[in-house]
Amino acid sequence: MGTCQALCLNQNRRSNRGTCENASKYHVQLDDELGRWVLRMYNWADNLFPLYGRETLMAQQSYEESALYRLRHSAAHLMAQAVTELYPGSKLAIGPPIENGFYYDIEFDEPLKEEELSKIEHRMRELANLDQPIVRKVAKDVEEARRIVLEECTLGQGEATALYKLQLLDAIPPGEEVSFYEQRAMDKQGKEHLFIDLCRGPHIESTKPIKHFKLMHLAGAYWRGDVKNKQLTRIYGTAFETKEELALYLHNLEEAKKRDHRILGRELGLFMFSPRVGPGLALWLPKGAILRDVLMDFLKEEQVRRGYEGVVTPNIASHRLYEKSGHILTYREKMFPFMEDEEKETFILKPMNCPFHIEIYSSTLRSYRELPVRLAEFGTVYRYEQSGELAGMLRVRGFTQDDAHLFVRPDQLLDEFKGVVDLMMVVLKKLGLSEYRVRVGTKDPESDKYVGHQDNWKQAEAAIMQACNELGLDYEVSPGDAAFYGPKLDLIIKDALGREWQMGTVQVDYNLPERFDLEYIGEDSKPHRPIMIHRAPFGSLERMIGLITEQYAGAFPLWLSPVQVAILPIADRHVGYAAHIASQLLGYDSRQEVEGEQVPFKSDQVDSPQLRVNIDDSRQTLGKKIRESQRQKVPYMLIIGDNDAEAGTVGVRSREDGDLGAMTLAEFVAKVKAEL
RNA sequence: GCCACUUUAGCUCAGCGGUAGAGCAGCUGUUUCGUAAACAGCAGGUCACCGGUUCAAGUCCGGUAAGUGGCUCCA
């Protein structure tokens, strides 16, 4: 099956900017065997997870409407049937299809062990082979639905097993159709197998096609996603229509693991963690530190152009500062233990930069003419994340935000907000991140974890929506995802394993200016209150570098690569010429320091940008040196041998395209400049 | 924090009650080599930590820590 067209149709056909609802996309491919166009849905950027095939182009189905979705839904039921047979008395909760498979949440009497999954899988195969017809039944009324849940669904295992199903039934709005799916068959021994489940459907017609599936792993999951509720056992599985698709999925999963930033981070010498330092506290190795520096330089330059001013603030502060900001009230459980001292002031490790920037803003009387004031800082913050949430660089306890706070007049809010979004887009483009989701996090009306007046929130939320609409940005509104002081717009991007992470963020805040009584003197000579915009286009350096490491699979583009050029002398006698080449590329010739020394090589002074170069003078064969540089994903290798020393050339090899032949250094530099 | 799992040499992994193993990396020597692994030798381990069972524990049991996949939370 050859990929003939890279024609990408957005799943929702809403946007041509690469954003979409669940970051999936269709590819149209010509099926060589069948000689017709087929539609395939892939998970985001690099087609790691083909989700289904065999749908015609005309269909234009969503995943939810697809045969695969139904198959997986039925596979979840099949699993539940196997579980109720193997573990009578288990309480079934919910079992939906999900992006790459399905799960079922079940309460077991005894905790389920991972090794038992194969037993369940085995029973599933037996049950599937019985070719049980899957039949939809609709309850006449609520009473009948209740009776079916209590009598039929429990399969004689006791009414207690209907615990969660009853709650689900109660949640169905009155008047809505209540449906059940039943599957039953007699096995060779004449024993009847029966399973009936409260379910909206749809399902496939029989259990027979459920052949290519695998139970993946176990997890705890709170009933209805609420920590206050009981934790159920969730069994994750996946299913496909063909053996090949399942094998491909599993293969791709293995491939995806190879681009895990934790593995690449070690292999490429970018960063590390040590239990002796502490969980979630990263150590940046020299090459990782270069990534940080390069990213910071890039953003600083953009920010200077956009009127930002840099500031620097401390890592700890008096608790009073954070009392005033409301952090201690609403954010305490995420903060590291306080440095308490009965005699003296209590200090706390900073979880957010905003109060410091607010202090700087209010250190002097501000005129309406100097607004907007844009204070930027690469501020390192510490948050006591729950231990189970730490995930390499994507979730750490100490991280550096590319933070800034914009203090603006009401009439400037919209333009400033749009300016920030523009900057975020510039950043995404520069980093090659084209697949993302935009989420507007608003206040959860039920929750009391927010500070400020309702009117402030309404205004801030309206401002964000208006800016998005004016920018033509596709976004979804997510109540409860606001910061405690204001609503926000977040960029959400998936990692190699398909998990979503919040990256860049912009927040509109009327509340902290009020809490800190911020002012500026207006045209009318009277004090007015500014509005704050909090923003971080990367989100954090840790998370962003972890993520782009996965996006690029460690093969960073030239401008970012910690080592841009590896110089590989073929034999020891070429090391001198290699050093000369290196100094040219560094834009600095160390030989100039050695007075009176003869320049032993043909002069080829070039005007090179400062490149990060590394000479491999290990006593290894050329093949080995190339292999090593290739493994380190260095964009360019310059191979230096007798021919080159004589002709004053370098043998250029590219990470992607291999041997490019001999060039003069000037030619190579021109090539590199064009790429940077 | 909760559920499940994992932890043996710098890295990747084997060993699963009876004297700790391999490959790669490292070091030393030989080789000085033209586009993805030269050859040989050497060295490297309180088998995460603490406790228990046993004549005997990487191996079985319990606890702790760190990590992994989820849930909840989030940059």
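All chains are named by letter (A, B, ...) in the order of the sequence lines, taking the proteins before the strands, and each is independently numbered beginning at 1. On a predicted model such as this, the values are computed, not experimentally measured, just so you know.
Taking atom P in both B/rG18 and B/rA25, the straight-line distance is 32 Å, to the nearest Å. A gap of 16 Å separates the P atoms of B/rA14 and B/rA22, to the nearest Å.
For an aromatic pair to be called close, the ring centres must be under 6.0 Å apart, and A/F102 with A/F213 fails this.
Between B/rG1 and A/S387, a contact under 4.0 Å exists linking OP1 or OP2 to a side-chain N or O. Contact check, A/R266 against B/rU12: a side-chain N or O comes under 4.0 Å of OP1 or OP2. Listed pair A/K624 / B/rA25 meets the phosphate criterion, a side-chain N or O lying under 4.0 Å from OP1 or OP2. OP1 and OP2 of B/rC11 both lie 4.0 Å or more from every side-chain N or O belonging to A/R262.
The base of B/rC74 sits with one of its N or O atoms less than 3.5 Å from a complementary donor or acceptor on the side chain of A/R543. If you check distances only, the side chain of A/R653 does reach the base of B/rU35 with a donor-acceptor pair under 3.5 Å.
For A/Q167, the side chain to side chain donor-acceptor pair (under 3.5 Å) partners at least two apart in sequence or on another chain are A/W223.
A/N643 comes within contact range of at least one nucleobase, with a heavy-atom separation under 4.0 Å. Residue A/E542 is classed as having no contact, given no heavy-atom separation below 4.0 Å to the nucleic acid.
The side chain of A/Q386 lies closest to B/rG1 when the candidates are B/rC5, B/rC33, B/rG1. When distances are taken from the side chain of A/K488 to each of B/rA75, B/rU72, B/rG34, the shortest belongs to B/rA75.
Rounded to an integer number of Å, the gap from A/L390 CG to B/rG70 C1' is 14 Å.
Using a cut-off of 4.0 Å between Lys/Arg side-chain N and Asp/Glu carboxylate O, A/E542 and A/R292 are scored as salt-bridged.
Sorted by first and then second residue, the salt bridge (Lys or Arg N to Asp or Glu O under 4.0 Å) pairs involving residues 628-637 of chain A (not counting sequence neighbours) are A/E628-A/R631.
Stacking of the aromatic ring of A/Y236 onto the base of B/rG70 is not found under the criterion of centres within 5.5 Å and planes under 30°.
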